Amino acid sequence: MTITTENGASLSVRYFAWMREHTGTDLETIALPDSVINVGDLVPHLSAMSDGHALALKNMKAVRVAVNRTYGDLDTPVTAGDEVAFFPPVTGG
Amino acid sequence: MTITTENGASLSVRYFAWMREHTGTDLETIALPDSVINVGDLVPHLSAMSDGHALALKNMKAVRVAVNRTYGDLDTPVTAGDEVAFFPPVTGG
Amino acid sequence: MSVRVQTGDFDVGAESRALQAETVGGIALFVGTVRGLSSDDGVTAMTLEHFPGMTESELERIEAEARQRWPLEDVTIIHRVGRLLPGEQIVMVAAASAHRQAAFDAAQFIMDFLKTDAPFWKAEERDGKTSWVDAKDSDDAARDRWTG
Amino acid sequence: MSVRVQTGDFDVGAESRALQAETVGGIALFVGTVRGLSSDDGVTAMTLEHFPGMTESELERIEAEARQRWPLEDVTIIHRVGRLLPGEQIVMVAAASAHRQAAFDAAQFIMDFLKTDAPFWKAEERDGKTSWVDAKDSDDAARDRWTG
């Protein structure tokens, strides 16, 4: 799903593992509302996109976030062109 | 060198690494004097056998002892038929 | 430095030999394998998903931290992705150093951080059903012992 | 259980594979190698002597102690004797367990006790002269951390 705002500011959002299954997508490009300045702002915005998104993002304590492939948290700033990834705590190795 | 006492009580003595080089032998069978009841008794007896033996056994703090292939010390009893081994602290691995 | 994420298997012997050098006194390796049916797990297969790009950069970051902490001659980290069967190799971490303790510590450090920071996720097949594996608090604890 | 003292080389990959099993989640290995000329040591070769019979029984005793301390599926200890050149493999210890920490701890424990208790002695060739290596206090310290 791609939504573009008037000024064209957009953000890539990735989901992995069970979050990918809940949202039904591994990568989406979304319009970046002016009101969203960090990950914490972004979460309710994404949650409103579908029931699956809401379910995936329901408990942010069980979710890890990376902005541009570096770990972040709810306070990490997001700007146009960023890639924000949401995923469960990792279980490799 | 093999020395047998009247009653035939004897002991195998092994030396390794630089102790073997000092004594000039890796294995000798010696008569077991009645007065020798532990490793501590045996050491001066062996030291008297040659200058090389004396040199090898000079500093027993730098020597480890095994009786019948189990680590012991100066208090470990020795009896006829035992194998007593003297060697430097180990350096494998 | 060598960090590899791959579907194919790897040869621990070849990887160990590749780290041998005149300055190396010891190589500590860890090989993680898929536990199977006969274990308590009852797992018939697992599939590993990852975050291409971030996985490699996280593994390189972990390796760089290990190299800052210990005098390492070389490090190899290999992690497989895709579907794996019980008994198969999943991961290998190898650290080569002049000193045995540095090699052991670094290999453990890298494994502990790999387990908590490298973006891999396991889904297990059990009784014909597939389920995502939950992260373990014990893995966080293993990582946290290196800090503070 | 497998304890081997041998002159020939060994294949770390084959040894690791031999320990893979459905109950095994991880294998921790340590491979000790001969440091060489280009290192500070300046060693051109070394010769390892041992006490046949006692060596094997000490290694088996160390392995048995490790098995008492940790839940191990299997252990392999291989130590070479004879003349070895820089870069060659000297020793391998491998411990397989359902649990990574047990495998790591056991491999370290076995190496630490092997270093102080298994009757091997190294003579190093350096500048055309051969000299016996002195035991290191640091090896005693590494062993002693497991007790008391």
Side-chain angles (χ1 to χ4, degrees), chain A residues 10-30 38-39 42-43 46 50-93, chain C residues 3 5-6 30-35 43 46-62 77-82 84 89-93 107-124 130-140 142-143:
Chain A
S10 67
L11 203 65
S12 301
V13 185
R14 289 180 179 274
Y15 306 96
F16 291 92
W18 55 258
M19 298 191 70
R20 172 177 53 72
E21 293 180 345
H22 285 336
T23 62
T25 183
D26 61 346
L27 171 63
E28 56 193 358
T29 304
I30 65 150
N38 62 27
V39 173
L42 183 63
V43 169
L46 295 171
S50 79
D51 289 351
H53 283 74
L55 182 61
L57 296 160
K58 192 173 61 175
N59 178 13
M60 283 301 292
K61 284 185 187 159
V63 167
R64 299 196 75 179
V65 183
V67 176
N68 300 327
R69 306 188 177 183
T70 299
Y71 280 107
D73 55 30
L74 296 177
D75 295 329
T76 305
V78 293
T79 57
D82 281 351
E83 177 198 69
V84 182
F86 294 96
F87 47 81
V90 308
T91 56
Chain C
V3 163
V5 179
Q6 61 190 47
F30 180 81
V31 180
T33 58
V34 183
R35 282 186 298 189
V43 171
M46 62 167 55
T47 300
L48 276 140
E49 176 174 328
H50 79 124
F51 185 171
M54 182 168 172
T55 313
E56 292 82 353
S57 66
E58 277 299 305
L59 294 176
E60 284 166 8
R61 184 185 62 74
I62 295 166
I77 304 174
I78 305 173
H79 202 299
R80 293 175 71 190
V81 291
L84 299 173
Q89 301 182 138
I90 306 170
V91 62
M92 188 202 80
V93 165
Q108 286 200 68
F109 175 93
I110 292 169
M111 273 307 301
D112 285 347
F113 278 82
L114 182 155
K115 280 269 183 182
T116 56
D117 289 8
F120 293 100
W121 303 274
K122 276 185 191 129
E124 291 178 340
T130 300
S131 58
W132 293 100
V133 172
D134 285 329
K136 286 185 288 188
D137 290 342
S138 59
D139 285 332
D140 288 338
R143 176 201 57 201

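Lettering of chains follows the sequences in order, A, B, ..., and the numbering in each one begins at 1. Keep in mind that what you see is a predicted model, and the values were worked out from it rather than measured.
Contacts classified as salt bridge (Lys or Arg N to Asp or Glu O under 4.0 Å) and involving residues 51-60 of chain A (residues at least two apart or in different chains) are not found. Under the salt bridge (Lys or Arg N to Asp or Glu O under 4.0 Å) criterion, no residue pair touches residues 84-93 of chain A, with sequence neighbours excluded.
Listed options C:Val91, C:Val133, C:Val81 were ranked by heavy-atom pairs under 4.5 angstrom with chain A; first place goes to C:Val133.
Proximity to chain A (any heavy atom under 4.5 Å) is shown, for C:Ala123, by neither the backbone nor the side chain.
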Counting backbone as well as side chains, what donor-acceptor pairs lie under 3.5 Å between chain A and chain C?
| from | atom 1 | to | atom 2 | distance (Å) |
| --- | --- | --- | --- | --- |
| A:Ala17 | N | C:Glu49 | OE2 | 2.8 |
| A:Arg20 | NE | C:Glu49 | OE1 | 3.4 |
| A:Arg20 | NE | C:Glu49 | OE2 | 3.2 |
| A:Arg20 | NH2 | C:Glu49 | OE1 | 2.5 |
| A:Glu21 | OE1 | C:Trp132 | NE1 | 3.0 |
| A:Glu21 | OE2 | C:Trp132 | NE1 | 3.3 |
| A:Arg64 | NH1 | C:Thr116 | O | 2.7 |
| A:Arg69 | NH1 | C:Pro52 | O | 3.4 |
| A:Tyr71 | OH | C:Asp117 | O | 2.5 |
| A:Pro88 | O | C:Trp121 | NE1 | 2.8 |
| A:Thr91 | N | C:Phe120 | O | 2.8 |
| A:Thr91 | O | C:Lys122 | NZ | 3.4 |
| A:Thr91 | OG1 | C:Lys122 | N | 2.9 |
| A:Gly92 | N | C:Phe120 | O | 3.4 |
| A:Gly93 | N | C:His79 | NE2 | 2.8 |
| A:Gly93 | O | C:Lys122 | NZ | 2.8 |

Test side chain to side chain contact (heavy atoms under 4.5 Å, CB included) applied to C:Met54 and A:Phe16, step by step: CA-CA 12 Å; C:Met54 182 168 172; A:Phe16 291 92; over 6 Å; no
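Nearest heavy atoms, A:Val90 versus C:Leu114: CG2-O, 4.4 Å.
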